[in-house]
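Notes for the one structure printed next.
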Amino acid sequence: MQSSGDTPGKDVKSDLAPTDDFETLKYQLLGPSLTKAGQDSVDQQKVGLVVSEVIYNASKGSKFFNHEQDRDRNLTLKIERILKQKARLETLDLSHDLRRADEYLAELELSRDLSQHIIHVDCDAFFAAVEELDRPELKTVPMAVGKGVLTTCNYVARKFGIRSGMASFVAKKLCPQLVLLPQNYEKYTEKAKEMRTIMAEYDPLFESASIDEAYLNITAYCDENQLNPEEAVQRMRAEILETTQVSVSAGIAANAKIAKICSNINKPNGQFRVPNERTAIMEFMRELPVRKVNGVGRVFERELESIGVKKCGEIFPQRALLTKLFGEKAFQFLAQCYLGLGRTKIEPVETHERKSVSTETTFHELGDKEALRAKLWWAAQELEKDLARTQFKGRTLALKVKLHTFEVLTRQTAPSRAVSRAQDLYSFALPMLAKLEKDIPGLELRLLGLRCSNLVSTQKAGINFFGAITNPKPETKVTDEATVNAESNHEIDAEEAFEAAARQEAQEEMNDLEQLSQDASLVPTTPQREESVATEDPPLWDCPICGRPQSADDRTFNEHVDFCLSKRTIREAVQATEETEVAPNPPPTRKRKVPSQSGALEDDPKQKRLFFQ
DNA sequence: GCGGATCAC
DNA sequence: TATGGTGATCCGC
């Protein structure tokens, strides 16, 4: 964290940066928070060395540590390959690559837009700050929120080297008197809502980047109120502090990328601006460590450092090599970093399109097949809830596991139809788990999760974000009738079920076509149809564990499955599942339309963070 | 299209 | 004793 007395934008390289193999591992173990924010004052750097030692010793010998060590070794090997490649490239004629790079830079320069005032607002130690409102006595003692791993800590705790993302037992070693509070997400969401109300006054189309961060375009506000951007932001921050009692920091710049960097410079309760002038921006970037840029993590930082790029200004001399060393996207990203370019388009998060829904959970190491199935069933139920909440089904289902060694594996499958219900999720996921068990003898897991992607909306008609009324489908009525029918008739009529399934396939095909014709830039999620799952399922559901039909009532069904899991009928279930033929009907290959992305001026090429409420 | 890896919060 | 959950993107194959 930067104290307000430091020189903004002129952070020197942290003394924590690695120098040899042990150092790189220690650096890795520090976690993203300590390495990203940087230890800017001399005092903090000294603390950092001690912290590094404590974390190292606390972790040494654990499976987590060994895994980190493996990763660190692999990265070191990768860097060796990068350096070898660099040496080889430098013996060649690079004039072509150089010209290409310069052409791209020139092209980017033409796109530079200095007309907008973009700000990034970031709450100071948000969760901790909200907790302190309820318990003011906590303001003066080291305190953190989260168990197992800390999500936030207050500024008192940070003096001890405690950071978000840190294991709580490590934090306790650094500071035994640390007060740990459980998360209260509803409370934070409520407070965040208060803050958004105020931000909306400054930009009604502001963009929530996460629960405690937002981007605003205040160009219009400044014009209308005859204020310069700094005054406007002062006013907004004061207003937020006044009404919510939570302080925020802000960055002001010509684009989102720089604004984001700036919001960290005078944290907490401060703001910083880079003027909308090319030379000021270039100077600011020249001395800025690449690690400060959103999208450059610990790995990329080390890779860049190995070729002599620590600051954004050092990107330029290497421009001819970057594509071949790191790929086209990385080159484009770095080119934007060098020039200080970023996106100026700020839009409500509701206009973004969700691409996946997932759930995962960590537990004590587990090798027992039955217990793993219970976890899988639990995950399936959780995902069902989340899919219902977000109103999606998935055409692709992925299983994620973390071995006891911390190694992560994923396996995915494309079910014959979009899935959303727990027993479907379970049925399609179980073969993947069974195969892993077969391929990895003595499989022991510490995490298991499920993810749906290739989403299909099940959203009902309503009013979308722009106030346009979206049409319900006439077919809705038909499916409703079928639903009623199915519910009133407990006999399974195979023919009727078949027809219903056929109708649904046809409907989905229609929806696909409709969706392709929609303007995805205006309609965030195209309503498709009423839930018609009942038409494709008989009133009795087959228990995924024992295979016997059970009441389709959700609660009764789930109770049965839980009971069944406890009855050790797993072996038969695995066999049944392995023998069960996964319906071979290929899903439609058409994809949903994705909002066009220029790619040239994305805030961050690797990701677009969304916040869904 | 799949699986691994990286990144952010 | 002990190191999270959700979502996104990129790369190599």
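Every chain is numbered from 1, with letters handed out A, B, ... down the list of sequences. The basis for the numbers below is simple: all heavy atoms, side chains too, and nothing from hydrogens, waters or symmetry mates.
Relative to the side chain of A:Phe169, the nucleotides C:dG5, C:dT3, B:dC9 differ in distance, and C:dT3 lies closest. Taking the side chain of A:Lys36 as heavy atoms from C-beta on, and the options B:dA8, B:dC9, C:dT6, the nearest nucleotide is B:dA8. In the set C:dT3, B:dC7, C:dG4, C:dG4 carries the atom at the smallest distance from any side-chain atom of A:Thr362. Taking every side-chain heavy atom of A:Ala167 into account, C:dT3 is the closest of C:dT6, C:dT3, B:dC2. The side chain of A:Asp212 has B:dC9 as its nearest neighbour among B:dC9, B:dC7, C:dT3.
Side-chain contact between A:Asp122 and A:Val248 is absent, with no heavy atoms from C-beta onward closer than 4.5 Å. For the pair A:Leu216/A:Ile118, no side-chain contact is recorded, criterion being any heavy-atom separation below 4.5 Å from C-beta on.
Rounded to a whole angstrom, the distance from the C1' atom of B:dC7 to that of C:dG4 is 15 Å.
Whole-Å rounding puts the A:Gln28 CD to B:dA5 P distance at 13 Å. Separating the CZ atom of A:Phe333 from the C1' atom of C:dA8 is a distance of 14 Å, rounded to the nearest angstrom. In this structure, A:Glu365 places its CD atom 8 Å from P of C:dA2, rounding to the nearest Å. Spacing between atom CD of A:Glu303 and atom C1' of B:dT6 amounts to 9 Å, rounded to whole angstrom units. Nucleotide C:dA8 holds its C1' atom 12 Å from the CG atom of A:Leu455, rounded to whole Å. Regarding A:Lys63, its NZ atom lies at a distance of 12 Å from the C1' atom of C:dA2, rounded to whole Å. Atom CD of A:Gln412 and atom C1' of B:dA5 are 15 Å apart (whole Å). Protein atom NZ of A:Lys292 is 13 Å distant from nucleotide atom P of B:dC9, rounded to whole Å.
Contact between the side-chain N/O atoms of A:Arg298 and the OP1/OP2 oxygens of B:dT6 is not found at any separation under 4.0 Å. Between A:Arg354 and C:dT6 there is no side-chain N or O to OP1 or OP2 distance below 4.0 Å. For A:Ser356, a side-chain nitrogen or oxygen approaches OP1 or OP2 of C:dA8 to under 4.0 Å. At least one side-chain nitrogen or oxygen of A:Thr410 sits closer than 4.0 Å to the OP1 or OP2 atom of B:dG4. One finds a side-chain N or O of A:Arg411 lying less than 4.0 angstrom from the OP1 or OP2 phosphate oxygen of B:dG4.
A:Thr359 and A:Asp386 share no donor-acceptor pair across their side chains, judged by distance under 3.5 Å alone.
At a threshold of 4.0 angstrom between heavy atoms, the contacts of A:Leu409 are confined to the sugar-phosphate backbone, with no base atom among them. Counting any heavy atom pair closer than 4.0 Å across all strands shown, A:Ser62 reaches a base atom.
Contact between A:Ser249 and A:Asn266 at its shortest, heavy atoms only, is OG-O, 4.2 Å. Closest heavy-atom contact between A:Ser453 and A:Ser356: CB-CB, 4.2 Å.
Of the residues near DNA chain C, A:Glu360 and A:Ile55, the one whose nearest nucleotide (by heavy atom distance) lies more toward the 5' end is A:Ile55. For the pair A:Lys400 and A:Gly327, both in contact range of DNA chain C, the more 5′-proximal nearest nucleotide belongs to A:Lys400.
Put simply, the residue from A:Arg302, A:Arg298, A:Glu301 that forms a side chain to side chain donor-acceptor pair (under 3.5 Å) with A:Tyr27 is A:Glu301.
One donor-acceptor pair, N or O on each side, does fall under 3.5 Å between the base of C:dT3 and the side chain of A:Ser59.
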